[in-house]
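The next block holds one structure in the form of structure tokens; read it before the comments.
The model shown is predicted, which means the values in this text are computed figures rather than measured ones.
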Amino acid sequence: FPERLHHPHEDEHLFRRLRARTHDTDDMLDRLEAEHESGARRLAELRQALADWKVRGAPALAPLATLLDAYTAGYLSHMNAEERWILPAARTHLTSDDWQAIHAAFRAEPDPLTGTDAQAAFTRMFHEIARLAPPPIGIG
């Protein structure tokens, strides 16, 4: 999901619009876009290590664990940079029209995990929880 849908949307819609409004975040955007580009390679390495582990068993576990730890640490660092630098800059510099276009682009793709409009399902679930939960949490 991140490699096929989320990151291309970030690059094309969020990052492109932010670059048009300010150059304060260009270095960080360059880094994040490079990480997006290397994502497919990193996933291929993980897939190969997983396949090796399935065939070779225990001797291949340490290399798989090392790759998985590095991938996870890199992904967390990536998300932290977006949350710490990019989203605050976007809140400061992007216009209402920018945000509408960005939201529309992200909503245009169906949720890859459910194959349906996940927001509608989550809204229904929220209302059901509120209906069942006792006051003061819900309406019981």
Would you call [X] and [Y] a salt bridge, taking side-chain N to carboxylate O under 4.0 Å as the test?
X: E45; Y: R42; answer: no
X: D52; Y: R47; answer: no
X: R21; Y: D98; answer: yes

Supply the atom-to-atom distance [X] [atom1] to [Y] [atom2], rounded to the nearest 0.5 angstrom.
X: R131; Y: I129; atom1: CZ; atom2: CD1; value: 11.5 Å
X: L18; Y: R91; atom1: CG; atom2: CZ; value: 11.5 Å
X: M79; Y: E83; atom1: CE; atom2: CD; value: 6.5 Å
X: D24; Y: H93; atom1: CG; atom2: NE2; value: 5.0 Å

Sequence neighbours excluded, the answer for ring-ring contact (aromatic ring centres under 6.0 Å, His included) partners of H9 is H13, F106

Contacts of H36 meeting ring-ring contact (aromatic ring centres under 6.0 Å, His included) (sequence neighbours excluded), chain-then-number -> H7, F15, H78

Please evaluate residues R19 and D30 with respect to the criterion salt bridge (Lys or Arg N to Asp or Glu O under 4.0 Å), reporting the C-alpha separation (whole Å), side-chain torsions for both, the decisive distance (0.1 Å), and the verdict. CA-CA 10 Å; R19 283 185 190 276; D30 290 345; 2.7 Å; yes

Less than 3.5 Å apart, any donor N or O on the side chain of R31 or S77 sitting next to an acceptor on the other? yes

- Task: Walk me through it: do W53 and L50 pass the test side-chain contact (heavy atoms from CB on, under 4.5 Å)?
- Result: CA-CA 5 Å; W53 173 73; L50 180 61; 3.8 Å; yes

Is [X] linked to [Y] within one hydrophobic cluster, defined over Ile, Leu, Val, Met, Phe, Trp and Tyr using a side-chain heavy-atom separation of less than 4.5 Å?
X: L87; Y: I102; answer: yes
X: L76; Y: M28; answer: no
X: L29; Y: W99; answer: yes

Report, one line per pair, each donor and acceptor closer than 3.5 Å where one atom sits in a side chain of residues 61-75; sequence neighbours left out.
| residue | atom | partner | partner atom | Å |
| --- | --- | --- | --- | --- |
| T66 | OG1 | A62 | O | 3.0 |
| T72 | OG1 | L68 | O | 2.8 |

Over 12 non-hydrogen atoms of neighbours within 6.0 angstrom of CZ in R84: no

Between P8 and P2, the two heavy atoms sitting closest are CD-O, 3.9 Å

Do R16 and E33 pass the salt bridge (Lys or Arg N to Asp or Glu O under 4.0 Å) test, and can you show the C-alpha distance, the side-chain angles, and the key distance before you say yes or no? CA-CA 11 Å; R16 182 179 57 82; E33 287 173 341; over 6 Å; no

_Any heavy-atom pair between the side chains of E10 and I86 that's under 4.5 Å?_
no

